[in-house]
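Numbering of residues begins at 1 and proceeds along the displayed sequence. Computed over heavy atoms, backbone and side chain alike; hydrogens, waters and symmetry mates excluded.
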Amino acid sequence: RWQKIFMFPLWSKMAVFWNKMFLTIIVLLIVLFLDAVREVRKYSSVHVNEKAANVNSSAFDHIQMKLFRSQRNLYLSGFSLFLWLVLRRTVTLLTQLAKEMASHAALETQVNDATEAAKKYMAENERLQE
């Protein structure tokens with residue numbers, strides 16, 4: 001039943017679209033991750049913290065707030081990128097498993113048919129020899 005549902009021609013047309021969307025999202029996540037890395041490096045610099053501490057305490061707090069936000073963005077984008085790649089790999093493995101199970105079932109029926117035919121021919125051969 002599920003094979004009939006998933007073998008609609010509509011799904012194959014949508015698969016091309018979703019593969020492009022997947023690659024677009026991956027590129028977007030990579031760009032966000034690299035931007036977060038750049039921001040963390042910018043705000044965690046020692047020289048920026050020393051200048052801010054000497055000038056004003058509110059400026060130091062502001063830089064610490066920006067550092068916190070950039071670290072949060074780094075963790076979120078990195079973790080979502082990792083999970084997106086894990087999800088993609090899981091879907092790929094499940095698809096391969098489903099294809100292999102279908103081919104295994106087809107081979108199993110073919111082997112059973114060949115075995116039955118061989119038994120029938122052996123029985124016929126024994127009958128002819130008698």
Sequence neighbours left out, cut at 3.5 Å: what donor-acceptor pairs do the side chains of residues 18-28 make with other protein atoms?
unit_1: Asn19; atom_1: OD1; unit_2: Arg88; atom_2: NH1; d: 3.3
unit_1: Asn19; atom_1: ND2; unit_2: Ala15; atom_2: O; d: 3.3
unit_1: Thr24; atom_1: OG1; unit_2: Lys20; atom_2: O; d: 2.8

(request) Answer yes or no: is there a side-chain heavy-atom contact under 4.5 Å between Leu85 and Arg89? (result)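 They are not in contact (no side-chain heavy atoms under 4.5 Å apart), so the answer is no.
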(message) Do Ile30 and Leu81 make a side-chain contact, defined as non-hydrogen atoms from C-beta onward lying under 4.5 Å apart?
(response)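 Result yes, sub-4.5 Å side-chain heavy-atom pair found.
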[atom1]-[atom2] distance between [X] and [Y], expressed to the nearest 0.5 angstrom:
{"X": "Glu39", "Y": "Leu67", "atom1": "CD", "atom2": "CG", "answer": "10.0 Å"}
{"X": "Gln64", "Y": "Ser44", "atom1": "CD", "atom2": "OG", "answer": "10.0 Å"}
{"X": "Ser77", "Y": "Asp35", "atom1": "OG", "atom2": "CG", "answer": "8.5 Å"}
{"X": "Gln71", "Y": "Leu74", "atom1": "CD", "atom2": "CG", "answer": "8.0 Å"}
{"X": "Asn73", "Y": "Phe68", "atom1": "CG", "atom2": "CZ", "answer": "9.5 Å"}
{"X": "Met122", "Y": "Gln129", "atom1": "CE", "atom2": "CD", "answer": "10.0 Å"}

(message) Checking side chain to side chain contact (heavy atoms under 4.5 Å, CB included) between Gln110 and each of Leu107, Asn112, Asp113, which is the one that passes?
(response)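 Passing option: Leu107.
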(message) So which atom in Tyr43 and which in Ser70 form the shortest heavy-atom distance, rounded to 0.1 Å?
(response)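 That would be CD1-OG, 4.3 Å.
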(request) Could you pull out the closest heavy-atom pair between Val91 and Thr95, with the gap in Å? (result)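 Smallest heavy-atom distance, with atoms named: O-OG1, 2.8 Å.
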Same hydrophobic cluster for [X] and [Y], using side-chain heavy-atom links shorter than 4.5 Å among ILVMFWY?
{"X": "Val86", "Y": "Phe79", "value": "yes"}
{"X": "Trp84", "Y": "Leu34", "value": "yes"}
{"X": "Leu87", "Y": "Phe82", "value": "no"}

(request) Not counting sequence neighbours, list each pair that qualifies as a side chain to side chain donor-acceptor pair (under 3.5 Å) and has a residue in residues 115-125. (result)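 Checked against side chain to side chain donor-acceptor pair (under 3.5 Å) - neighbours excluded - no pair reaches residues 115-125.
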(request) Indicate yes or no: does Arg127 engage Glu130 in a salt bridge with an N to O separation below 4.0 Å. (result)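 No, this pair does not count.
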(request) Count the heavy atoms of every other residue, nucleotide or ligand shown that sit under 6.0 Å from CZ of Arg41, and state whether that count exceeds 12. (result)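 No, because the 6.0 Å sphere around CZ of Arg41 holds 12 heavy atoms or fewer from other groups.
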(message) Looking at Arg69, I'd like to know if its CZ atom is crowded, meaning that more than 12 non-hydrogen atoms belonging to other residues, nucleotides or ligands lie closer than 6.0 Å.
(response)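 Counting neighbours around CZ of Arg69, 12 or fewer heavy atoms of other residues, nucleotides or ligands fall under 6.0 Å, so no.
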(request) Using the test salt bridge (charged side-chain N to carboxylate O under 4.0 Å, His left out), find all partners of Asp61 that sit at least two apart in sequence or belong to another chain. (result)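 For Asp61, no residue satisfies salt bridge (charged side-chain N to carboxylate O under 4.0 Å, His left out) once neighbours in sequence are set aside.
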